[in-house]
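Presented below is the structure to which this report refers.
The figures that follow rest on heavy atoms only: side chains count, while hydrogens, waters and symmetry mates do not.
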Amino acid sequence: MSLCILTAGKTVTLAVAAFTLSWTHSVERTRWREDWKVLPAGLQVVAAWVKGSGAGMDPPEGSVLRNGWWVYAPRIGPQPRLVLAASGATGEGWTLCTAKGCRELGKAAGETTVVESCDGTSQPR
């Protein structure tokens, strides 16, 4: 499986099995980070880190505080896709990192980016 990133009418395909998605919360101005696996069934979040709490972002039951981050394993099944829509309120978008490097997604307000698993031929499922 590969990861397809669709933005501004273009598709970028990354041959990866996992990625990390991070961003700054637009109200609390705190960092979030999630680790994802790319599976045939979709995208599976395996771990999340929240650098604080408030404004509807309290860490769930079972979270552990490590080096200033609340760490937990989200309990949701594979997602068919992630739709990232930029608010423009933080001056940055999302950062998607793989073992091969990082890229910024959705920096401009209103810009929508779709991230989903694909077969590696630049064709989303």
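- Counting heavy atoms from C-beta outward, Thr20 and Arg33 have side chains that approach closer than 4.5 Å.
- Scanning both residues, Arg31 and Ser22, for their nearest heavy atoms gives NH2-OG, 3.1 Å.
- The side-chain heavy atoms of Leu6 and Arg81, taken from C-beta on, include no pair separated by under 4.5 Å.
- A single hydrophobic cluster is seen to contain both Leu96 and Trp23, as judged by linkage of ILVMFWY side chains at heavy-atom distances under 4.5 Å, directly or through other members.
- Note: Arg75 CZ to Glu61 CD = 7.0 Å, rounded to the nearest 0.5 Å.
- Side chains of Trp36 and Glu34: a donor-acceptor N/O pair is present below 3.5 angstrom, by distance only.
- Grouping the Ile, Leu, Val, Met, Phe, Trp and Tyr side chains by contacts below 4.5 angstrom, directly or via other members, places Trp49 apart from Ile76.
- Note that the OG1 atom of Thr24 and the CH2 atom of Trp94 stand 11.0 Å from one another [nearest 0.5 Å].
- Here the shortest heavy-atom pairing between Gln44 and Leu39 reads CB-CD1, 3.6 Å.
- For the pair Leu21/Val45, no side-chain contact is recorded, criterion being any heavy-atom separation below 4.5 Å from C-beta on.
- Contact of the Arg103 side chain with the Ile5 side chain is registered, since non-hydrogen atoms from C-beta on lie closer than 4.5 Å.
- For the pair Val38/Leu43, a side-chain contact is recorded, criterion being any heavy-atom separation below 4.5 Å from C-beta on.
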Does the pair Phe19 and Leu14 meet the rule for a side chain to side chain contact (heavy atoms under 4.5 Å, CB included), with working shown?
-> CA-CA 10 Å; Phe19 65 95; Leu14 304 175; over 6 Å; no
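- Put simply, the side chain of Glu104 gets close to the backbone of Gly93: a donor and an acceptor are under 3.5 Å apart.
- The shortest side-chain heavy-atom distance between Leu84 and Leu105 falls under the 4.5 Å cut-off.
- No chain of hydrophobic side-chain contacts below 4.5 Å, direct or via other Ile, Leu, Val, Met, Phe, Trp or Tyr residues, connects Val46 to Val71.
- The two residues Gly42 and Ser117 come nearest to each other via the heavy atoms CA-OG, 3.8 Å.
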